[in-house]
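Notes for the one structure printed next.
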There are 2 protein chains.
Amino acid sequence: MTDVDALAALGALAHPTRLDAFRLLVRHEPAGLSTGQLVEASDLTQSTFSTHLAVLVKAGLVKPEKRGRQMIQRANLDVLRALMLFLAKDCCQGRQELCEPLLAELTCC
Amino acid sequence: MTDVDALAALGALAHPTRLDAFRLLVRHEPAGLSTGQLVEASDLTQSTFSTHLAVLVKAGLVKPEKRGRQMIQRANLDVLRALMLFLAKDCCQGRQELCEPLLAELTCC
DNA sequence: GAAACATATCGGTTTTTTACGATGGGAGTT
DNA sequence: AACTCCCATCGTAAAAAACCGATATGTTTC
């Protein structure tokens, strides 16, 4: 993951509507949700939400898939993992003791 | 870490200047760098960089400390860890197999 | 083919962000 | 006290983001 990719992912998640939508999609893995269902879950217009969704898709965090006349949206956890690894690399620069607390907490899952 | 905190941290890192500055500070832990040194490392005006720095501080990612007539800026790795944990919680919702690849890669450090 | 449906895109307005020079205030120096 | 240095803040202009209604595109249904 390059800096540009990480900036796109960070920016995509840095908005309440998009963060909510992404987390909703994560909770609905691997089935996904239609765009319309996501619009309903938000309190925004269909067109406004569509542009938010486009930001998530452009960042690679969401992968759309055609199904009949509707689009099924699915979270791309690979990109989320790549983003976390990107951040972790900063955290761990040479000093492993800095990230050990993180690993300890992450073993919760 | 609340949603509001996470959004602030994501937004703070979602800018090339601020991401660069934060990573530079991480690499200079635990000594930190003065604001002036950070300005030099950027290609921006002192005033412009100051507002960027304020965003990082507001998000808690950077902790300023007075030293004489200059400010020493230090990265707050606790907030970075909290942010990563916040993202990981989404990733791991109930399904531990989703985060195992991440943990495997993180053991690099 | 016409109608209904799901989603994307186009204009346009409002709000927010970014960037700069200039100014101000606190902290050392002479 | 006057001066210099470091940094924050103010005022402002330009750029980007957010939001909406209206329209366009492609798909199923009748």
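Letters A, B, ... mirror the listed sequences (proteins, then strands); counts begin at 1. Scope of the values below: all heavy atoms of this structure, side chains included, with no hydrogens, waters or symmetry mates.
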Candidate nucleotides C/dC20, C/dT7, C/dC5, ranked by approach to the side chain of A/R69 - the nearest: C/dC5
Residues B/Q70, B/T35; criterion side chain to side chain donor-acceptor pair (under 3.5 Å); working and verdict: CA-CA 7 Å; B/Q70 61 190 2; B/T35 305; over 6 Å; no
Closest to the B/M71 side chain, choosing from D/dA8, C/dG21, D/dC19: D/dA8
Short side-chain N/O contact from B/H52 to OP1 or OP2 of C/dA19, under 4.0 Å: yes
Spacing of A/L38 atom CG relative to C/dA8 atom C1', expressed in whole Å: 15 Å
B/Q37 backbone acceptor or donor facing B/S34 side chain under 3.5 Å: yes
Distance in Å, A/L61 CG paired with A/D5 CG, rounded so as to fall on 0.5 Å steps: 10.5 Å
A/K66 side-chain N/O to D/dT27 phosphate OP1/OP2 under 4.0 Å: yes
Gap separating the CG atom of B/N76 from the CG atom of B/L56, nearest 0.5 angstrom: 11.5 Å
Rounded distance (Å) that lies between atom C1' of D/dC19 and atom CG of A/L53: 16 Å
Atom-pair distance (CD1 on A/I72; P on D/dG26), nearest Å: 20 Å
Atom-to-atom span, NZ of A/K58 to C1' of C/dA8 - whole angstrom: 15 Å
Sugar-phosphate, base or nothing in reach of B/S34, heavy atoms under 4.0 Å: sugar-phosphate
A/Q46 (side chain) and C/dA6 (base): donor-acceptor pair under 3.5 Å: no
Phosphate-side-chain proximity, B/T48 and C/dC20, N/O vs OP1/OP2 below 4.0 Å: yes
Euclidean distance, atom CG of residue B/L10 to atom P of C/dT17 [Å, nearest integer]: 15 Å
Along DNA chain D (nearest heavy atom to each residue), the more 5'-positioned of A/L44 and B/Q70: B/Q70
Integer-rounded Å distance: C/dC20 P and B/D43 CG: 8 Å
Distance, rounded to the nearest Å, where A/F49 contributes CZ and D/dG21 contributes C1': 18 Å
Any donor-acceptor pair under 3.5 Å from A/R23 side chain to B/D90 backbone: no
Proximity to the side chain of A/T35 - top-ranked nucleotide from C/dA8, D/dA8, C/dA19: C/dA8
Short side-chain N/O contact from B/S50 to OP1 or OP2 of D/dA8, under 4.0 Å: yes
Residue-phosphate contact under 4.0 Å: A/T45 side-chain N/O, D/dG21 OP1/OP2: yes
Under 4.0 angstrom between B/R18 side-chain N/O and C/dT18 OP1 or OP2: yes
Ion pair A/K63/A/D78, N-O distance below 4.0 Å: no
Side-chain N,O (B/H15) to OP1/OP2 (C/dA19) below 4.0 Å: yes
Distance in angstrom units between A/Q37 CD and C/dC5 C1', rounded: 15 Å
